[in-house]
Number of protein chains: 2
Amino acid sequence: MAEDSKPVYLRIREIIAASILDGVYQDGDLLPSVRALASQQGANPLTVAKAYQTFQDDGLVVVKRGVGMFVAHGAARRLRETERARFLTTVWPPVAEQIRRLGIRIEDLDTQKV
Amino acid sequence: MAEDSKPVYLRIREIIAASILDGVYQDGDLLPSVRALASQQGANPLTVAKAYQTFQDDGLVVVKRGVGMFVAHGAARRLRETERARFLTTVWPPVAEQIRRLGIRIEDLDTQKV
DNA sequence: GTGGCTGTATTATGCCACTGATGCACCATG
DNA sequence: CATGGTGCATCAGTGGCATAATACAGCCAC
């Protein structure tokens, strides 16, 4: 009843973004091919391509046609900044309101463990 | 690019839930009619009805056909419990992970103000 | 140059959630 | 019983998403 079943291409986008943010793929690294990631995730190559497309639009990945997709220069830093801004302005406010409304204490939330 | 554009019936569901949790409508109170809430929210009556339907399924609102919808007995308490459980198991974990991944400090988040 | 790997364009199809318009069933009030 | 308010069932339209089957274009190692 929540937001579990999001579009596949957005799910895959988050997987890629998380990998970049966590440093699995660093500046200049070669990313998994659309076909490889597709078969790994059990999705259609075009769906994966659609996920990659969103990063291309933001200039976070560079395409070398015939070779593959590479992490753009400073992608992790830029991605972290934009995601951080998006989180603070879009994600957090409703979450905070829900915390207040439900009477949840901050101490009850594991903020270190995860 | 986040979860801003959710289905209308879920948006309206949240509005109703928030009103109940905040005590705007208490046990036994008459809720706004589907048509009234629809015109107020600029939505279709059926869309509002679909939102109300989710509450009926959980026994949180009682329908008196030809009269209106009423807040069920103990609805606020039960709603708070289920929403709290859902928040802790479904909503919070990914949020916490994002906080960690983005390197956001808890002190940066307004948890009192909102 | 050939084979094999990349990303991409094209077209078509199926699916499902969401939304909407209309009409009907029910009830309180006078 | 007539009126005007309820909720609800039915049918249909729309759009986004995912998949599929091809085919094409670029690059590299051999």
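In what follows, chains are A, B, ... by sequence order, proteins preceding strands, each numbered from 1.
- B:L31 and B:V24 fall within the same hydrophobic cluster, where Ile, Leu, Val, Met, Phe, Trp and Tyr residues are linked whenever their side-chain heavy atoms come under 4.5 Å apart, directly or through other members.
- For the pair A:Y9 OH and D:dT19 P, the interatomic distance rounds to 13 Å; values are reported in whole Å.
- At a threshold of 4.5 Å between non-hydrogen side-chain atoms, the residues A:Q40 and A:L37 count as touching.
- If you measure from atom OH of A:Y52 to atom P of C:dT6, you get 11 Å, rounded to the nearest angstrom.
- No N or O donor and acceptor, one from the side chain of B:R35 and one from the base of D:dG5, sit under 3.5 Å apart.
- Two residues are said to be in side-chain contact when any heavy atoms from C-beta on lie closer than 4.5 Å; B:Q98 and A:R86 meet this criterion.
- Taking atom CE on B:M69 and atom C1' on C:dC26, their separation rounds to 14 Å, with Å as the unit.
- Residue contacts shown for A:K50 are limited to sugar-phosphate atoms, with no base heavy atom under 4.0 Å away.
- The interatomic distance linking B:L46 (CG) with D:dA9 (P) rounds to 10 Å, in whole Å.
- Distances shorter than 4.0 Å separate none of the side-chain N or O atoms of B:S33 from OP1 or OP2 on D:dG5.
- B:Y52 and B:V67 are assigned to two separate hydrophobic clusters, defined by single-linkage of ILVMFWY side chains at heavy-atom distances under 4.5 Å.
- Within 4.0 Å (heavy atoms only), A:Q53 reaches no atom of the nucleic acid at all.
- Look at CZ on A:R11: it is 13 Å from C1' on D:dC17, rounded to the nearest Å.
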